[in-house]
Trainee: 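For reference, the structure I am asking about is given below.
All ligand and atom numbering here is 1-based and tracks the order in the structure. Residue numbers run from 1 in the order of the sequence given.
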Amino acid sequence: MKTIIQLAPIKGITDRTFRSAFVRHFGGVDSALAPFLIKTDSESKYKSLSPEMNPGLRTVPQILTKSPDDFIALSAKLQNYGCDEVNWNLGCPFAMVVKRGEGAAMLQNPEIIESFLEKISSAISIDLSIKMRVGMHSPDEILKLIPVINRFPVKEIIIHPRTGEQMYDGEVYPEAFRAAMELSSHPVIYNGDIRTAGDLLKLYEFFPGVKGWMIGRGLLINPFLAMEIKNGKSEDDAGKIIRIKQFADYLCESYVNDLQSSAHVLDKMKGVWFYLSQSLPDGKKIEKKIRKAGSLNHYMDEVERIFK
Ligand SMILES: Cc1cc2nc3c(=O)[nH]c(=O)nc-3n(C[C@H](O)[C@H](O)[C@H](O)COP(=O)(O)O)c2cc1C
């Protein structure tokens with residue numbers, strides 16, 4: 001199937017080290033949106049979004065802010081590092097973020113979004129894309145937002161058809177997505193709950209006009225998913241398990257090289273296995289054993305035992 005698949009940002013998991021290991025071991029993903037950056041992030045974090053530091057996978061940085069001035073300054077910084085596109089986060093539902101009036105909280109205020117876009121549009125000289133939900137409290141909120149966004153140059157809009165209030169669970173609102181797509185004069189990407197090739201096929205029939213698909217948790221659980229969608233077939237289970245182990249070993253080694261402390265590496269690997277274990281037989285047991293590892297050595301022994 002010919003289709004565009006983007007790796008979704010999952011803060012804490014899909015960092016540069018993860019993305020680099022992912023493209024080395026699995027295919028099918030055309031580009032990635034990186035987890036959000038904030039103003040106080042370190043210079044090295046901004047630099048890590050440069051194309052040179054992300055070979056093999058086009059990576060678009062994302063900024064979370066409600067301040068147009070900060071967005072302009074941070075976009076210029078990313079441009080200096082060679083980025084040609086920046087994404088604005090209008091979907092983060094984390095309580096702290098919403099309390100600050102950022103992310104999904106902004107979806108209730110078309111006027112604030114309009115004034116933000118007015119200020120930044122003429123001031124940034126790289127492409128702008130937007131990742132948003134259908135609303136903060138109600139899926140109808142997006143119907144007031146799309147006409148506003150239509151007035152500005154936006155490369156694409158990624159829409160997750162849940163409200164901020166729903167966080168990451170509960171029914172999605174396909175009709176709100178359809179209405180938004182029909183209203184939008186910009187290309188639209190669908191994001192949310194694509195876990196199997198069959199899920200995507202169903203959505204494709206429902207929304208033939210979308211430009212592409214963004215997948216987060218589905219790819220973390222089953223990293224073969226994008227290849228399965230594109231090739232129409234999947235590898236046998238034994239082959240998959242070998243490749244998952246190779247990926248996890250490589251990723252762990254990469255984190256050991258990239259991070260300061262083994263405790264941090266252990267935390268990262270536990271986060272990765274939270275998702276990865278869900279695609280394996282006995283996944284719950286595997287996740288529990290890995291979660292209980294008290295040190296990196298204990299973790300490594302446990303992984304060897306599991307895959308013996
Ligand atoms: C732990 C976690 C962290 C996330 N971090 C980000 C983020 O940094 N930026 C963003 O736009 N979305 C973020 N998301 C949302 C995902 O990108 C995606 O929109 C959501 O998980 C729905 O897609 P999926 O069902 O394919 O995972 C995060 C989601 C989760 C569960």
Trainee: Can you list the residues that meet the ring pair (Phe, Tyr, Trp, His ring centres under 6.0 Å) rule with Phe207, with sequence neighbours excluded?
Mentor: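 For Phe207, the residues satisfying ring pair (Phe, Tyr, Trp, His ring centres under 6.0 Å) (neighbours in sequence not counted) are Phe177, Tyr190.
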Trainee: Among all protein heavy atoms, pick out the one at the shortest distance from atom 1 (C) of ligand 1; state its residue, atom name and that distance to 0.1 Å.
Mentor: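 That would be Ile10 CG2, 3.8 Å.
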Trainee: Salt bridge between Lys202 and Glu205, side-chain N to carboxylate O under 4.0 Å?
Mentor: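 No, Lys202 and Glu205 are not salt-bridged.
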Trainee: Relative to ligand 1, is Tyr168 under 4.0 angstrom through side chain, backbone, both or neither, heavy atoms considered?
Mentor: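 Tyr168 to ligand 1: side-chain contact only, backbone stays beyond 4.0 Å.
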Trainee: So for Gly192, does at least one of its heavy atoms come nearer than 4.0 angstrom to any atom of ligand 1?
Mentor: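 It does; at least one heavy atom falls under 4.0 Å.
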Trainee: What residue and atom, counting heavy atoms only, is the protein's closest point to atom 26 (O) of ligand 1, and at what distance?
Mentor: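 Nearest protein contact, heavy atoms only, for atom 26 (O) of ligand 1 is Gly216 N, 2.8 Å.
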Trainee: Looking at ligand 1, does any of its N/O atoms fall within less than 3.5 Å of an N/O of Lys11?
Mentor: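 Among all N and O atoms of Lys11, at least one is under 3.5 Å from an N or O of ligand 1.
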Trainee: Using a 3.5 Å cut-off on N or O atoms only, is Leu33 in polar contact with ligand 1?
Mentor: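 No; every N/O pair is 3.5 Å or more apart.
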Trainee: Need the ligand 1 atom indices (1-based, order shown) with element for anything under 4.0 Å from a heavy-atom of Pro35.
Mentor: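 Counting from 1, the qualifying ligand atoms are 8 (O).
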Trainee: Nearest 0.5 Å, please: how far is CD1 in Ile157 from CG in Asn191?
Mentor: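 So the gap between those two atoms works out to 13.5 Å.
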Trainee: Check each heavy atom of Asp193 against ligand 1 and say whether those closer than 4.0 Å belong to the side chain, the backbone, both or neither.
Mentor: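 Both parts.
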Trainee: Using the ring centroid of each side chain, check whether Tyr250 and Phe22 are separated by less than 6.0 Å.
Mentor: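 Not close enough - the centres of the two rings lie 6.0 Å or further apart.
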Trainee: Starting from atom 14 (N) of ligand 1, find the nearest protein heavy-atom neighbour and note its residue, name and distance.
Mentor: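 Going atom by atom, the protein heavy atom closest to atom 14 (N) of ligand 1 ends up being Pro9 O, 3.2 Å.
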Trainee: Are Gln278 and Arg217 packed together at the side-chain level, in the sense that at least one heavy-atom pair is separated by less than 4.5 angstrom?
Mentor: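 When only atoms from C-beta onward are counted, Arg217 and Gln278 do not touch, as no gap falls below 4.5 Å.
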Trainee: State the atoms of ligand 1, each with its element, that fall below the 4.0 Å cut-off from a heavy-atom position in Lys131.
Mentor: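 What qualifies from ligand 1 is 10 (C), 11 (O), 12 (N), 15 (C), 16 (C), 17 (O), 18 (C), 19 (O).
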Trainee: Indicate whether the side chain of Asn150 and that of Ser185 have a donor and an acceptor atom separated by less than 3.5 Å.
Mentor: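 Short answer, yes.
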Trainee: Among all protein non-hydrogen atoms, which one is nearest to atom 19 (O) of ligand 1, and what is the separation to 0.1 Å?
Mentor: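 That would be Asn191 OD1, 2.6 Å.
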Trainee: Using side-chain hydrogen bond (donor to acceptor under 3.5 Å, both in side chains) as the criterion, list what pairs up with Ser121, not counting sequence neighbours.
Mentor: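 Checked Ser121 against side-chain hydrogen bond (donor to acceptor under 3.5 Å, both in side chains); zero matches.
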